[in-house]
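One structure is given below, encoded as structure tokens.
Every chain is numbered from 1, with letters handed out A, B, ... down the list of sequences.
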Number of protein chains: 2
Amino acid sequence: MSNRKASTAATISDVAKEAGVSTSTVSYVMSGNRPISKETREIVEAAMRRLKYSPRSSARALASSRSNVLGLVVPLRADVNVGVVMQFVTAVVTTARTFNQDVLLLTQDDAGSIERVTSQSMVDGLVMMDIEARDPRIPVLAKLDKPAVLIGMPDDPRGLSCVDFDFAGASRTAVRHLAELGHRGIAFIGSPPASLRRHATYADRALRGFEEACRELEVTDVSVACEANSKDLARALEKVFAGPEAITALLVHNEGLLPILRENLAAHGRSVPGDISVVVIAPADVATAAFLPWTAVSIPAMDIGRAAVEMVMDRLSLAKPAELRLIAPSLSEGASTAAVR
Amino acid sequence: MSNRKASTAATISDVAKEAGVSTSTVSYVMSGNRPISKETREIVEAAMRRLKYSPRSSARALASSRSNVLGLVVPLRADVNVGVVMQFVTAVVTTARTFNQDVLLLTQDDAGSIERVTSQSMVDGLVMMDIEARDPRIPVLAKLDKPAVLIGMPDDPRGLSCVDFDFAGASRTAVRHLAELGHRGIAFIGSPPASLRRHATYADRALRGFEEACRELEVTDVSVACEANSKDLARALEKVFAGPEAITALLVHNEGLLPILRENLAAHGRSVPGDISVVVIAPADVATAAFLPWTAVSIPAMDIGRAAVEMVMDRLSLAKPAELRLIAPSLSEGASTAAVR
DNA sequence: CTGTTAGCGCGTTCAC
DNA sequence: GTGAACGCGCTAACAG
């Protein structure tokens, strides 16, 4: 019986003694790696409960060469959107728990953290956010013996798994929707200049998709990068409306502008959607939380984060080969688009 | 010499062989727990480099009963500000690295995650954000054998270490500043109702500090909770300005409102600071990133996060007793306050 | 002082 | 269902 002073945490051999079996039996009960008779299993489980046993993760990791931890590299750049980042992080952590994995948080600027956690076997795999077109970390990751999944689509994935929202398709969907409403001049208000300069893949691809769609549909297009503040938005709109083109619609790919967009358009004498239609590319909750919901192509942060974790786990457990996955866009109509008049 | 095919990662005994010493010597070279002659040390270090040795963290953790990982519990509530959360997270991760610790990310809603990671010894200590006045997790934490630090000040810390910004003092500082400018009617626009309802300690304390300061200084006060969106802000301002009191200043403790505050005040026919003075309680970068910088009592997220980690490490390494630490507020004048006219 | 020997920490898994 | 080797690094005790 349980007559021990739990002065120190119970170990597997404490449980074995308490249950009157060997430690290997206890281990097999926990892992299920071998069939154990129902009676024995119940005795062991009761002993574990009585001793409040829980295995030391370090011992387990040492013996099994598995940490059950995933590394997640998050960006801390001023030009990325904290809201979107948090959504991804939440999705990754939540999904990881589903696979009985925990998440170690690594920051972009902590150079060498990737090598560190992987060479010390602190993590079984990695998920990386905010990938650039020619990201210098990709060769590093490709050499590792641990699976890595990129959230983003670099030019050359080097055999790494990648998953991302189809930002180009999102732009195309938005342009097509606006074109069908009769708009023949559309402006793209995009990511901050910094994001474009470093070729963050979401920024690049949304812009390219926009330009291609406009060319195909013979729509006049303007595009302008914009920081997430009122001052820069004013400058951007200035540029958009000062041009010779008659702009009657906007595609906005910059979540931080949404709270101030309507007012700034009003300052230019344009009401939404009466004078100008607006489609945004943003997480669904942000798009609908506005005073009037925006017509939006939503960034499915949860789906992307989930897919990223699934892909790491696939490579880990099933030794699946690398894959590229793009998540299809879908447009939901809000109160910010109307037929051109 | 290094004539081994690095088919599998090097271990400490590989290094020992390569250097012609015993494994304990290698260990002491790494830990510095005992003096090693310069020559030996250099031989060992060279061997480590040649074999690209890095110790398995699980083996190290098993032997030393230290994981070198801190758990960080972050809130994912809709009513907390993602920007502030990210700042804390960044501060905690950055500071943790300073102590050679990594950070495991736990989410609030993952019930039992605290017990799980501590009973499995996955973490050496915990940092918890978003504490409520009578937080149900506090008794749980107090029973653990791992040190925990709360970011927030609960009613009864039960011997846990706590650190927070002095929100009450922040409100007092702001009210005093406004009173000195001659304002005799001040409105407090606070956290979302949800935060107040669950008594998030920052929300409660900022409000209480405001009310006390107004009473002391004999200033007329109104206070209203507010969600971070335009619609609710409109309602809140309605309430503030419809009352019988002559309100000439606002104290805003809700970061999410800042991008839309100026426009909404304009809609009420009030310009800042001509008709109404505004002080905000917000992270410094948010307050200064606005079109015109706000007069602000800044939330020093970096300082708080750093202090939290330092306090966990103190308790871990130095076995220091629990302490309560409040970080003093300081007001920086921006372009949103002026003498009453 | 400097280096070594030996045992430990705790699960996992293969051979019987 | 069990015994025992194993994974890998730490450190107390001991020897030169």
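Considering only side-chain N and O atoms, B:R34 lies nowhere under 4.0 angstrom from the phosphate OP1 or OP2 of D:dT11. OP1 or OP2 of D:dT2 sits under 4.0 Å from a side-chain N or O of A:T25. For the pair B:S13 and D:dG9, the criterion of a side-chain N or O lying under 4.0 Å from OP1 or OP2 is not met. The phosphate of C:dG3 has OP1 or OP2 within less than 4.0 Å of a side-chain N or O from B:S37. Within the 4.0 Å cut-off from OP1 or OP2 of C:dT12, at least one side-chain nitrogen or oxygen of A:R60 is found. Dashed line: the shortest gap from a side-chain N or O of B:N33 to OP1 or OP2 of D:dT11 is under 4.0 Å.
At a cut-off of 3.5 Å, with distance as the only test, no side-chain donor of B:S24 or B:S27 sits close to an acceptor on the other residue. Checked by atom type, the side-chain pair B:S22/B:T25 shows a donor-acceptor distance below 3.5 Å. Residues B:R60 and A:Q120 have side chains that never bring a donor and an acceptor to within less than 3.5 angstrom of each other.
To the nearest angstrom, C1' of C:dT4 lies 13 Å from CD1 of B:I12. Atom-to-atom, NZ of B:K38 to P of C:dT2 comes out at 13 Å; the value is rounded to the nearest Å. The NZ-P distance, from B:K17 to C:dT5, rounds to 13 Å in whole Å. Rounded to an integer number of Å, the gap from A:R56 CZ to C:dG11 P is 5 Å. The distance from atom CG of A:L62 to atom P of C:dG11 is 11 Å, rounded to the nearest whole Å. Atoms CE (B:M30) and C1' (C:dG3) sit 16 Å apart, rounded to a whole Å. Between the CD atom of A:Q120 and the C1' atom of D:dG9 there is a distance of 13 Å, rounded to whole Å. The distance from atom CZ of B:R41 to atom C1' of C:dC1 is 14 Å, rounded to the nearest whole Å.
Judged by distance alone with a 3.5 Å cut-off, no donor-acceptor contact links the side chain of A:S27 to the base of C:dT13. The base of C:dC14 is paired with the side chain of A:Y28 by a donor and an acceptor separated by under 3.5 Å. Donor-acceptor pairing under 3.5 Å, judged by distance alone, is present between the side chain of A:S24 and the base of D:dG3.
Using a 4.0 Å cut-off between charged nitrogen and carboxylate oxygen, A:D156 and A:R134 do not count as a salt-bridge pair. Ion pairing between a basic and an acidic side chain is recognised when a charged N comes within 4.0 Å of a carboxylate O; A:D109 and A:R77 show no such pairing. A salt bridge links A:R198 with A:D130: the distance from a Lys NZ or Arg NE/NH1/NH2 to an Asp or Glu carboxylate oxygen falls below 4.0 Å.
Minimum atom distance to the side chain of A:A63 is reached by C:dG11, of the listed C:dG11, C:dG3, D:dG9. Nearest nucleotide to the side chain of B:S22, out of C:dT12, D:dG9, C:dT4: C:dT4. For A:T11, counting side-chain heavy atoms from C-beta on, the closest listed nucleotide (C:dC10, C:dT13, C:dG3) is C:dC10.
Residue B:V21 is classed as a sugar-phosphate contact, given heavy-atom separations below 4.0 Å to backbone atoms only.
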